[in-house]
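Structure first, commentary second.
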2 protein chains.
Amino acid sequence: MKTVSENACFGGVQGVYSHEAETTNCEMTFGLFLPAEAAQGPVPVLWYLSGLTCTHENAMVKAGAQGWAARHGLALVFPDTSPRGAGVADDEAFDLGQGAGFYVNATQDPWRKHFRMWDYVADELPRLLFNGFELDEERQAITGHSMGGHGALTLAMGLPGRFASVSAFSPICHPTQSDWGRKQFTAYLGTDQSGWTGHDASLLMAEHGFGGPVLIDTGTRDQFIDLLMPEALAAAIATRRQPAEFRMQPGYDHSYFFVATFMRDHIKFHADALRD
Amino acid sequence: MKTVSENACFGGVQGVYSHEAETTNCEMTFGLFLPAEAAQGPVPVLWYLSGLTCTHENAMVKAGAQGWAARHGLALVFPDTSPRGAGVADDEAFDLGQGAGFYVNATQDPWRKHFRMWDYVADELPRLLFNGFELDEERQAITGHSMGGHGALTLAMGLPGRFASVSAFSPICHPTQSDWGRKQFTAYLGTDQSGWTGHDASLLMAEHGFGGPVLIDTGTRDQFIDLLMPEALAAAIATRRQPAEFRMQPGYDHSYFFVATFMRDHIKFHADALRD
């Protein structure tokens, strides 16, 4: 593992590190915020999964998360959104290929050699983090934005017991029925849709639910709201009687100004769940 | 004036606007955060001047300022750092020309046609803002980072009575004696150093001081600290008995992670001064 940068930040350290990943078969970069408390021993961890076109960096510099994480003594992990590099398959569209891993393990060519973001985020990166830093594997929570909200919800429901709480900012909620989903699942997972259902938050919510608290925020003026389909997730939450807070925020759009506005609520939500 | 973008943000609006500026003889872009209170009438204003290589955008997305401004009902103005465009003089160095206006009015060719950032920030942009938005001209404060800290301090001391309070993050403190200053002042203002003294915060502090509170933060591990020369400003503050808080922050560097960390303190400091 290589240290790309470390900056003092809210009494802790905002680091950026890279490593050769086995799952994705390329060099991966991630951000890690460690609060001051990490100098004394393992701290709880909040995963933040980013959206389309983002790298590890966007949320790290734009979401305003570190101050609230520092207040609650939480670490923040910012993984990249896909494998990257000259030898990695890509597509001209912004919503397929590099920057658009969709947190699945691709089974189709040309993607399957590198696009194994589920395994990377669920297995390889955690192993690296819990071995290398003062992080408490027993106290994890997860959040994300847009495609990363999809990732947070599907990982949280797909790995029962792993995360104490899950939240999302303007998540892609129902990818098996949206152009943000069908196109990518076809490319990565193939046309047999039986492999898709484990990656659809609304289907997972209807079928399994989540064994902890859930917080979802979406802006009423989100320019991508027809692709996100929050109505599907809201219906699934209500039908299942899932303990959850589902909020439509008046006037907000899909941008990081929206994410930053409600970051305080999300971090407090996770800190409360991790304390219980 | 053209609206480039408007995003809901912490209950208010983060806008970006552009206009044809007479002072700089080109199109200029600025950011303006208006808190919710601006819908009811004029709100106080905090100016944020940015550093080398920055545009109006950097602080607007990375400094984490809007949440605190919203809490105190303050507007935030984010001007650009120089004139820009194909017809505007430039230099290959990152610290001269476009992105490096240094908040002076150039008197030398090829700069004098466009590089009039003092007049732009002191006169033209205020006129536009106070005519176009619900902002209270009688309640203004100013801050900035690095070159923008230099701008904030020199404007505050050069325009007595305009600003209730001034603060700076890792400001360039003594440009007449630093390579961040001598090079640019020679290019923009010429070799006659008598024209330089009105643009040196340490000299202005020694000579005039500031008629309100002053807050300065610099990181002990700032990688540019030898160019910033905070020791000159600290000595001038102490010698003059200027009411001020001058803080060396342990472990912090020159980055926006540092700025974001202490933004809360700075905005509270200005809000208190503007309330008095």
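All values below come from the heavy atoms of this structure, side chains included, with hydrogens, waters and symmetry mates left out. Numbered from 1 within each chain, the chains take letters A, B, ... in sequence-line order. On a predicted model such as this, the values are computed, not experimentally measured, just so you know.
Closest approach of A:A8 and B:G251 over heavy atoms only: CB-O, 3.3 Å.
Contact residues of residues 56-83 of chain A toward chain B are A:M60, A:V61, A:K62, A:Q66, A:W68, A:R71 (heavy-atom distance under 4.5 Å). Taking 4.5 Å as the heavy-atom cut-off, the residues of residues 9-19 of chain A that approach chain B are A:C9, A:F10, A:G11, A:Q14, ordered by number.
Neither the backbone nor the side chain of B:R221 comes within less than 4.5 Å of any heavy atom in chain A.
Distance check, rounded to the nearest 0.5 Å: OH of B:Y256 to CG of A:N7 gives 14.0 Å.
Summarising the local packing, CG of B:D272 is surrounded by more than 12 heavy atoms from other residues, nucleotides or ligands at distances under 6.0 Å.
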